[in-house]
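Okay, so here's the structure we're looking at.
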There are 2 protein chains.
Amino acid sequence: MMVSFAQSLATRFATLPEQLQVAARWIADHPQDVALLSMRDQARRAGVQPATMTRLAKALGYDGYDALRAQHAEVLRRDGQGLAATARRRRPLDANSHEAAAQALLTASADQILHLQSADNLAVLAKAAAQIAMARRIYCLGQRSSYPIAWHFHYALSLITDRVQLLDGSGAVGLDVLTHAVPGDVLFVCGVAPYTRAVVEATLQAQADGLRIVAVTDSPMSPLATQQGCVLIAPTESASFLHAMTPAFAIADCLAALVARAEDPAMLVRLEGLDRQLAARNTYLPKTQKGST
Amino acid sequence: MMVSFAQSLATRFATLPEQLQVAARWIADHPQDVALLSMRDQARRAGVQPATMTRLAKALGYDGYDALRAQHAEVLRRDGQGLAATARRRRPLDANSHEAAAQALLTASADQILHLQSADNLAVLAKAAAQIAMARRIYCLGQRSSYPIAWHFHYALSLITDRVQLLDGSGAVGLDVLTHAVPGDVLFVCGVAPYTRAVVEATLQAQADGLRIVAVTDSPMSPLATQQGCVLIAPTESASFLHAMTPAFAIADCLAALVARAEDPAMLVRLEGLDRQLAARNTYLPKTQKGST
DNA sequence: TATGTAGTGAAACATTTGTTGCAAAATGTT
DNA sequence: AACATTTTGCAACAAATGTTTCACTACATA
């Protein structure tokens, strides 16, 4: 399996001889240029002999410099056509227009979601998904702006399992359901500043009772960011004074999909069955139908 | 001032000889490769002679192929630094791991949100925001997977105005509230396939009653995509078999922020007042407090 | 038909490319 | 101090690069 350049570089860097370090440092500082300039050019700019670049490549386990270059080119290529391509095609807009504001907000959202992909976050997501997949029972909690996240997560999971339960205030039942929880059950909780006291207290209590916590919150310093549990940080900064909840929602969306992945394949059939069931009950409309006059 | 390659190509294309057109078309289709592959490689892939590439470059006013390549490299370099920079720093992961799946899902979400920024969509967002800002009353509707979107939009708006109302089934009131609506009121509705019949019918009825419709849906062919109203298309494709609702949520998030922008500045004060009010009631916890032992 | 022009393909061109062999220098070890 | 290793710089290498030249074709105009 192939390891990324940055990674293999970081591990080996300290053990490399002086000249190779010079070369490596330059490459690390100019990753875009690796695929765009000739090796000799890069050697010149790094202040190193051409041979050094080849030697570095081999020292890092590549066949030659071209192999290293190919990897960098691949990344450059993919990024170029995918994500940034849309952004590049933008038209300049009047800075004060709603259009410009909308563009800025959406770009910020996309950017925030991109930044969720840190190695840490991914690892926590994976761990949380595994815990949820194994759990006897999953409780979902979130109030105010976090309510849609909890609801969505609950709904998505309810399509693939009956082990999930939403802790909302409907009928004033709310948090009391947690009294039936047993150690090993999972509490999926979402909360951002200003934190709702009831949610925080319920979470702490649940943790004390031995439940596993999967928390989506806005800061590592959040009261929901318990040290033992799975903590997923979703930024809420926004150009507006309203909290941006899209990143948190994206995490819930993603986590639900991961859990679905982990569940047994029979659930796919079950899900299709649900669609058919709903269609039969006339709850849904066929997709082809058009709603205009 | 430098003219973009695509532009100078488009103007001259028709007047170019046959082989040069073949080469030009390939370049237009593979702009990322221009700087990444050797000219001879590109000629091979385009199915033309190497000489043709040089001739094309000169025909377009460049000194040689390297000049053309340099321009493409510049674009590639610049794009790499911006939005996609985070994505580039990724580590390659085991393809079957939860981490890899999470990464793919999040990237897809970010990508989908970026693609919401078409000129059309932005214009519709602006129009919808304007209508909502002016409306006497705003009703929010959405069921099943669309419920969190409607709820979130309702909640966000409720922070800045009291003219908004959620149409949910709690207490079996639901859609009956719409009977009090008058022409000019706005119905914010969210729905994706398979469409809930009740939602579609309520929307059509509301439109017939003279309400303005702001619809978030998954396709221009959706029954909610009425011709008169503001239709916002949010893709739901996902690697999972669960619908991706993040784009729709992002739209709601963005639209709420736009409306907030349009409202009068006094609301800012009102919002701060709300925070203080909630803090006083001990509903919320102060942010600094840490919830660990 | 003859003639000029533009387009094309193939080969040859001088450079530049990435790599490697080898000797000098630097480094650490006995 | 003597040794073995590693690291470095230089030069040479074959391979590939971008370009140019030239002969040939196709097609228009006279």
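Order of the sequence lines fixes the chain letters, A, B, ..., with proteins taken first and strands second; residue numbering starts at 1 for each chain. In what follows, every heavy atom counts, from backbone to side chain, and hydrogens, waters and symmetry copies are set aside. The model shown is predicted, which means the values in this text are computed figures rather than measured ones.
A distance-only check finds a donor-acceptor pair linking the side chain of Asp253(A) to the backbone of Thr246(B) [under 3.5 Å]. Here the side chain of His152(A) pairs no donor or acceptor atom with the backbone of Pro148(A) at under 3.5 angstrom. Gln42(A) contributes a side-chain N or O that, together with a main-chain N or O of Val34(A), makes up a donor-acceptor pair within less than 3.5 Å.
Checking the phosphate oxygens (OP1, OP2) of dG18(D), a side-chain nitrogen or oxygen of Arg69(B) falls inside 4.0 Å. Side-chain N/O atoms of Thr54(A) include one lying less than 4.0 angstrom from OP1 or OP2 on dT19(C). Taking side-chain N and O atoms only, Lys58(A) has no distance below 4.0 Å to OP1 or OP2 of dT19(C).
Remark: the Arg40(A) side chain and the dG18(C) base include a donor-acceptor N/O pair separated by less than 3.5 Å. Not a single donor-acceptor contact under 3.5 angstrom links the side-chain atoms of Arg55(B) to the base of dG18(D).
For Asp66(B), the listed nucleotide lying nearest its side chain is dG18(D); candidates were dT8(D), dT8(C), dG18(D). In this structure, of dT8(C), dG18(D), dT17(C), it is dT17(C) that holds the atom nearest to the side chain of Arg44(A). Listed nucleotides: dT19(D), dT8(D), dC10(D). Nearest to the side chain of Ala51(A): dC10(D). Checking dG18(C), dT8(C), dG18(D) against every side-chain atom of Met39(A), the shortest atom distance belongs to dG18(C).
Contact of the Gln71(A) side chain with the Leu68(A) side chain is not registered, since no non-hydrogen atoms from C-beta on lie closer than 4.5 Å. Leu37(B) places a side-chain heavy atom less than 4.5 Å from the side chain of Arg45(B).
The residue Ser38(B) sits close only to the backbone: its heavy atoms come under 4.0 Å of sugar-phosphate atoms, none of a base. Within 4.0 Å of Gln49(A), counting heavy atoms only, lies at least one base atom of the nucleic acid.
Distance, Leu37(B) CG to dA16(D) C1': 14 Å, rounded to whole Å. We find that CD of Glu18(A) is positioned 16 Å from C1' of dG28(C), with the value rounded to whole Å. In this structure, Tyr65(A) places its OH atom 18 Å from C1' of dA16(D), rounding to the nearest Å. If you measure from atom CD of Gln19(A) to atom C1' of dT6(D), you get 14 Å, rounded to the nearest angstrom. Atom CG of Asp63(A) and atom C1' of dG18(C) are 13 Å apart (whole Å). For the pair Asp41(B) CG and dA16(D) P, the interatomic distance rounds to 11 Å; values are reported in whole Å. As rounded to whole Å, 12 Å separates atom C1' of dG18(C) from atom CD of Gln42(A). In this structure, Met53(A) places its CE atom 14 Å from P of dG9(D), rounding to the nearest Å.
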